[in-house]
*Asks:* 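Here you go, one structure.
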Amino acid sequence: MADVGLQTSVSLEQVQPGGSTVIGVEEQEEEAPPAMGQSAPAGSGPQSPHLRARSHRRAHSDQPWTMFPFSTPEGFVAVNKPPSWAENEIEALKIANNYRFGFKKWKSHVTARPLEVRSDVVKELYSEPRTVKLIKGSTISPGNVLYSVLFGWWIAAFYFLVAGLMMLTYIGRIYGSHCFKLAKYFFWPFGKFVQKDRDGDSGEEQSLHNGSVHNSYESFESSESTPLVSSTRSRNGRKGCCGTSTEYWHKPETYIWLILGAPLLFVIHALVYFVCWILVVFIPVAKVNGHAIKMLLMPPGSIRIESDSMSAAQQPSEVIVCTYQAVNVYYYKYTIDGMNIVLVNLLLFVVLALIAGYGDKGNQYTSPTAKFVISLLAIIPLAYYIGLAIASIAAQSNFAVGAVLNASFGSVVELTLYITALVKGAAQANNCYSELVKSALTGTLLGTMLFIPGLCMIIGGLKHHEQFFNLRSAGVSSTLLFVSVAGAFAPTIFSKFYGSIVCSSCNNVTSWSNINDSLLTETGPSGTFMCSDCHQEVFDQEGTLFNEHIKPLIYTCAVLLPLAYISGLLFTLKTHSHIYDEEKTEDNNTAPNQDHNNSHSTIAHWSRLKGVTILLVATVLMSLCADLVTENMQPILTGSGVSQYFIGVTLLALVPDTPEIVNGIQFALQNNLSLSIEVGSSIAVQVCLLQMPILVLVNAIHEIGFQLLFIDLHLWSVLFSVLVMNYIFMDGKCDYFQGSAMCIVYLIIVAMYFFAPNPEGC
């Protein structure tokens with residue numbers, strides 16, 4: 001059978017006289033079409049190689065899924081085209097980049113998807129609460145009851161309060177009566193709808209307002225369903241976004257309302273809107289309160305509250321707000337400009353971190369611990385914005401731009417945090433920050449080799465029972481990882497052989513009665529000593545061992561490690577790119593079915609200019625937040641009672657890698673474990689082949705106290721993790737049991753760091 005994976009469909013056209021070429025592209029799955037003017041008989045064998053264009057793999061093109069012409073012996077031209085299952089060229093190139101060594105593995109879309117091709121669940125997320133439906137059953141549900149407990153009762157209480165104030169003024173009693181009605185509505189708004197009268201509508205317009213009633217609770221407003229009451233604006237001469245008339249502003253009770261009632265209710269609705277938006281699942285309530293703010297400026301006489309959906313068809317009106325549920329758990333899928341709603345909400349921590357960190361330098365209002373936590377949380381959305389910007393720009397650019405962008409900005413989050421901490425430690429002559437950075441580097445390796453793949457195996461295995469991955473591509477990643485770890489820890493191993501052992505608290509346990517002249521030396525009696533706190537000493541900057549042997553070895557490894565990165569790029573992207581074709585075939589088979597009959601224009605969420613702007617702004621904000629993390633880190637290190645090694649291995653290592661953890665889990669849920677494994681392996685390789693050499697280079701230019709020498713616990717933990725990971729990946733398949741084993745090993749190693757003593761002098 002023909003290989004139908006991600007092979008590129010091609011078609012042939014004759015080269016026209018004068019050098020012009022007519023290129024035709026046809027979709028096909030197994031074989032190329034027969035020669036022009038001929039039809040292939042049923043059951044015929046393979047055609048002549050001169051008349052049949054074979055599908056070409058990625059190895060034949062630097063830019064897969066882009067137009068790449070090449071000549072054939074008969075003067076035909078074959079053209080690569082995006083795979084038929086890809087939504088557009090940009091998404092196809094993004095998917096291709098996921099299989100490229102050195103590129104970020106990104107799951108979410110970088111282009112806008114038309115709402116009409118989305119699922120019904122997603123369509124409802126983006127619909128406005130203004131469609132009246134025929135309810136089957138009761139509106140009482142746990143989410144709706146929870147709304148009344150958390151929000152409804154006190155919103156109603158404030159409306160009763162404002163109603164009492166307006167009644168006391170007498171002149172504003174119409175607003176008082178209006179607030180009493182709204183109090184009952186906002187206590188339980190479900191199944192009810194608020195509408196504004198349209199007294200000036202013509203009969204023709206009124207007929208447009210009265211449509212068919214929705215037949216299910218789950219139905220939503222779309223082009224295929226007609227709402228019972230239209231939300232189309234009236235053309236009856238009303239002005240303003242709120243439909244207020246000129247006479248409305250000439251009445252004294254309007255100004256009484258705008259002074260005593262509307263401001264307080266505006267604050268209440270704005271507060272509820274903000275809280276519900278942050279909680280994500282309560283976004284339907286947030287939308288209702290957003291419309292309620294507009295209602296505050298509408299004439300009370302034009303607003304009616306109805307609960308009978310059939311009565312709405314009896315009169316021309318415009319629905320202002322109508323809702324049936326307070327909670328929708330699917331809102332975690334909601335995106336704003338291509339960014340997930342949860343990460344958009346986390347941008348609040350960026351604002352709080354900058355205000356608290358740079359506006360309260362004296363710690364009068366916020367403690368250093370609070371600043372540290374807020375600044376650390378602010379790194380998560382910024383890391384995601386940087387990752388999406390890199391993926392978006394790379395998907396709209398050629399291979400060279402994508403490779404340079406991923407190599408330069410792919411590790412910008414971690415490097416910014418590490419260099420900021422090292423500079424602060426060097427300024428204070430404090431070696432603790434250097435040990436903290438080494439712990440973070442080690443923690444990143446442990447997390448990407450054990451925790452991320454283990455967690456993905458557990459989540460993916462629970463859904464798909466057993467998962468498979470490309471064993472050969474995993475072998476390439478394992479080889480690169482071995483080279484990376486060997487080069488990164490070679491100076492440490494070398495120093496263990498030739499370094500000096502320094503101990504403290506030594507006691508001579510040799511009995512004085514047994515000491516003879518042979519045991520007496522110039523420095524005192526020798527014999528058997530009992531010592532504690534022994535460690536390898538190689539940091540003597542004036543020592544011959546460090547300056548003449550270890551330091552040159554560090555620089556040599558720092559030069560050779562990037563060469564291994566370049567070698568990996570050439571091997572996986574140019575000479576042996578066919579290794580990853582099997583993975584793409586699996587990705588094709590597991591990709592959701594796309595309806596390609598409804599083609600749509602390709603619109604990227606972020607253009608290249610917008611992506612570059614967001615990338616630069618997020619990088620600057622990232623550096624500011626990293627500075628705040630290191631500035632307020634000292635109280636955590638000294639006052640938390642937790643080992644500094646543990647803080648580095650967990651918090652500083654895993655928080656910047658949160659986007660990669662999320663992407664790995666999403667790949668595993670789609671049964672694409674190959675990419676889940678590559679997520680962790682690519683990060684580990686980048687740490688050893690790029691981040692560590694860059695830190696060595698920075699230290700060579702400006703002394704920041706970083707040497708490529710690690711303690712024994714770091715060394716043996718990483719070596720053991722490499723062995724465990726390669727043992728698990730031997731057979732090319734896995735399940736949740738193997739993933740749980742990797743996570744348990746990771747937790748055991750982390751427990752060792754938790755109980756480890758702090759570095760000397762910290």
Side-chain angles (χ1 to χ4, degrees), residues 411 414-415 418 422 431 434-452 477-501 534-539 545-547 549-565 567-568 644-646 648-649 652-653 657 680-700 704-727 745-746 748-750 752-753 756 759:
S411 300
E414 295 87 347
L415 287 175
Y418 299 158
L422 290 171
N431 188 52
S434 176
E435 290 300 319
L436 196 66
V437 169
K438 294 175 184 177
S439 299
L441 291 169
T442 304
T444 303
L445 293 176
L446 297 176
T448 53
M449 289 188 294
L450 294 176
F451 180 67
I452 293 180
S477 300
S478 299
T479 302
L480 282 171
L481 195 56
F482 266 120
V483 174
S484 305
V485 172
F489 288 88
T492 302
I493 298 174
F494 181 81
S495 67
K496 301 303 176 185
F497 284 101
Y498 299 102
S500 301
I501 298 179
C534 295
H535 61 277
Q536 206 81 18
E537 181 62 67
V538 293
F539 292 99
L545 174 64
F546 180 80
N547 288 326
H549 300 280
I550 297 179
K551 192 173 183 179
L553 178 60
I554 291 175
Y555 291 151
T556 302
C557 293
V559 172
L560 293 177
L561 287 175
L563 295 180
Y565 185 83
S567 175
Q644 296 184 15
Y645 291 125
F646 176 80
V649 167
L652 299 185
D657 292 332
S681 299
S682 61
I683 298 174
V685 169
Q686 232 178 18
V687 168
C688 295
L689 301 187
L690 289 180
Q691 294 181 20
M692 291 184 182
I694 290 176
L695 292 176
V696 172
L697 176 63
V698 173
N699 186 76
I704 56 177
F706 180 82
Q707 302 295 344
L708 205 59
L709 298 170
F710 296 84
I711 62 173
D712 290 349
L713 185 57
H714 294 337
L715 172 64
W716 299 117
S717 296
V718 172
L719 294 179
F720 181 70
S721 299
V722 173
L723 295 176
V724 171
M725 185 190 73
N726 282 276
Y727 177 78
V745 172
Y746 172 78
I748 291 173
I749 295 176
V750 168
M752 290 194 300
Y753 283 101

*Asks:* Within this structure, what is the CD-CG distance for the pair E414 and D657, rounded to the nearest 0.5 Å?
*Replies:*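 Reported value, rounded in 0.5 Å steps: 5.0 Å.
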*Asks:* Any chance you could lay out the side chain to side chain contact (heavy atoms under 4.5 Å, CB included) test for I711 and K438, step after step, and finish with the verdict?
*Replies:* CA-CA 9 Å; I711 62 173; K438 294 175 184 177; over 6 Å; no
*Asks:* Under the criterion side chain to side chain contact (heavy atoms under 4.5 Å, CB included), I'd like the reasoning laid out for Y645 against T442: C-alpha separation, chi angles, the key distance, then a yes or no.
*Replies:* CA-CA 10 Å; Y645 291 125; T442 304; over 6 Å; no
*Asks:* Are the side chains of P759 and Q644 in touch, meaning some heavy atoms are under 4.5 Å apart?
*Replies:*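 Sidechains of Q644 and P759: in contact.
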*Asks:* Mind checking what makes side chain to side chain contact (heavy atoms under 4.5 Å, CB included) contact with F720, not counting sequence neighbours?
*Replies:*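 Residues passing side chain to side chain contact (heavy atoms under 4.5 Å, CB included) with F720: V724, V745, I749.
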*Asks:* Can you tell me if S434 uses its side chain to pair, donor with acceptor, with the backbone of G705 under 3.5 Å?
*Replies:*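 Flag set: sc S434 to bb G705 pair under 3.5 Å.
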*Asks:* What's the verdict on side chain to side chain contact (heavy atoms under 4.5 Å, CB included) for F489 and L445, showing C-alpha distance, side-chain angles and the deciding distance?
*Replies:* CA-CA 12 Å; F489 288 88; L445 293 176; 4.1 Å; yes
*Asks:* According to the interplanar angle, ranging from 0 to 90°, do the rings of Y753 and H714 count as parallel (below 30°), tilted (30 to 60°) or perpendicular (above 60°)?
*Replies:*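 If you compare the ring of Y753 with that of H714, the planes turn out parallel.
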*Asks:* I'd like to know if the side chain of S721 reaches the main chain of L446, judged simply by a donor and an acceptor atom lying under 3.5 Å from each other, with no hydrogens or angles considered.
*Replies:*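 No, the answer is negative, given that no donor and acceptor are paired below the 3.5 Å cut-off.
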*Asks:* Could you check F451 against V750 for side chain to side chain contact (heavy atoms under 4.5 Å, CB included), going step by step and ending with a plain yes or no?
*Replies:* CA-CA 11 Å; F451 180 67; V750 168; over 6 Å; no
*Asks:* V559 and L563: which non-hydrogen atoms are nearest, and at how many Å?
*Replies:*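 Result for this residue pair: O-CG, 3.5 Å.
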*Asks:* Can you tell me how far apart SG (C557) and CE (M692) are? Round to the nearest 0.5 Å.
*Replies:*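 If I round to the nearest 0.5 Å, the distance is 11.5 Å.
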*Asks:* For residues S495 and L709, report the shortest heavy-atom separation together with the two atoms involved.
*Replies:*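 Heavy atoms of S495 and L709 come nearest at OG-CD2, 4.0 Å.
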*Asks:* Rounded to the nearest 0.5 Å, what's the gap from CG on L553 to OG1 on T556? Could you check?
*Replies:*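 Reported to 0.5 Å precision, the distance equals 6.0 Å.
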*Asks:* Any idea which heavy atoms bring M449 and V722 closest together, and the distance?
*Replies:*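 Heavy atoms only, the tightest pair is SD-CG2, 3.4 Å.
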*Asks:* Write down the atom of A440, the atom of A653, and the distance for their closest heavy-atom approach.
*Replies:*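 It is O-CB, 3.4 Å.
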*Asks:* So, N699 side chain and L695 main chain: donor-acceptor pair closer than 3.5 Å or not?
*Replies:*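 Flag not set: sc N699 to bb L695 has no pair under 3.5 Å.
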*Asks:* Measure the spacing between CD of Q691 and CG of L561 and express it to the nearest 0.5 Å.
*Replies:*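 Atom-to-atom, Q691:CD and L561:CG are 12.5 Å apart.
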*Asks:* Applying side chain to side chain contact (heavy atoms under 4.5 Å, CB included), name anything that partners V696, two or more places apart in sequence or on another chain.
*Replies:*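 Side chain to side chain contact (heavy atoms under 4.5 Å, CB included) list for V696, sorted by chain: I554, Y555, A558, F706, L708.
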*Asks:* Got a donor-acceptor contact below 3.5 angstrom from the K551 side chain to the Q707 backbone?
*Replies:*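 Absent.
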*Asks:* What heavy-atom pair brings L480 and A564 nearest, and what distance separates the two atoms?
*Replies:*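 So the two residues come closest at CD2-O, 4.1 Å.
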*Asks:* Nearest 0.5 Å, please: how far is CG in N431 from CG in L436?
*Replies:*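 Atom-to-atom, L436:CG and N431:CG are 11.0 Å apart.
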*Asks:* Taking atom CD1 of I683 and atom OG1 of T444, what is their separation to the nearest 0.5 Å?
*Replies:*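 The distance works out to 8.5 Å.
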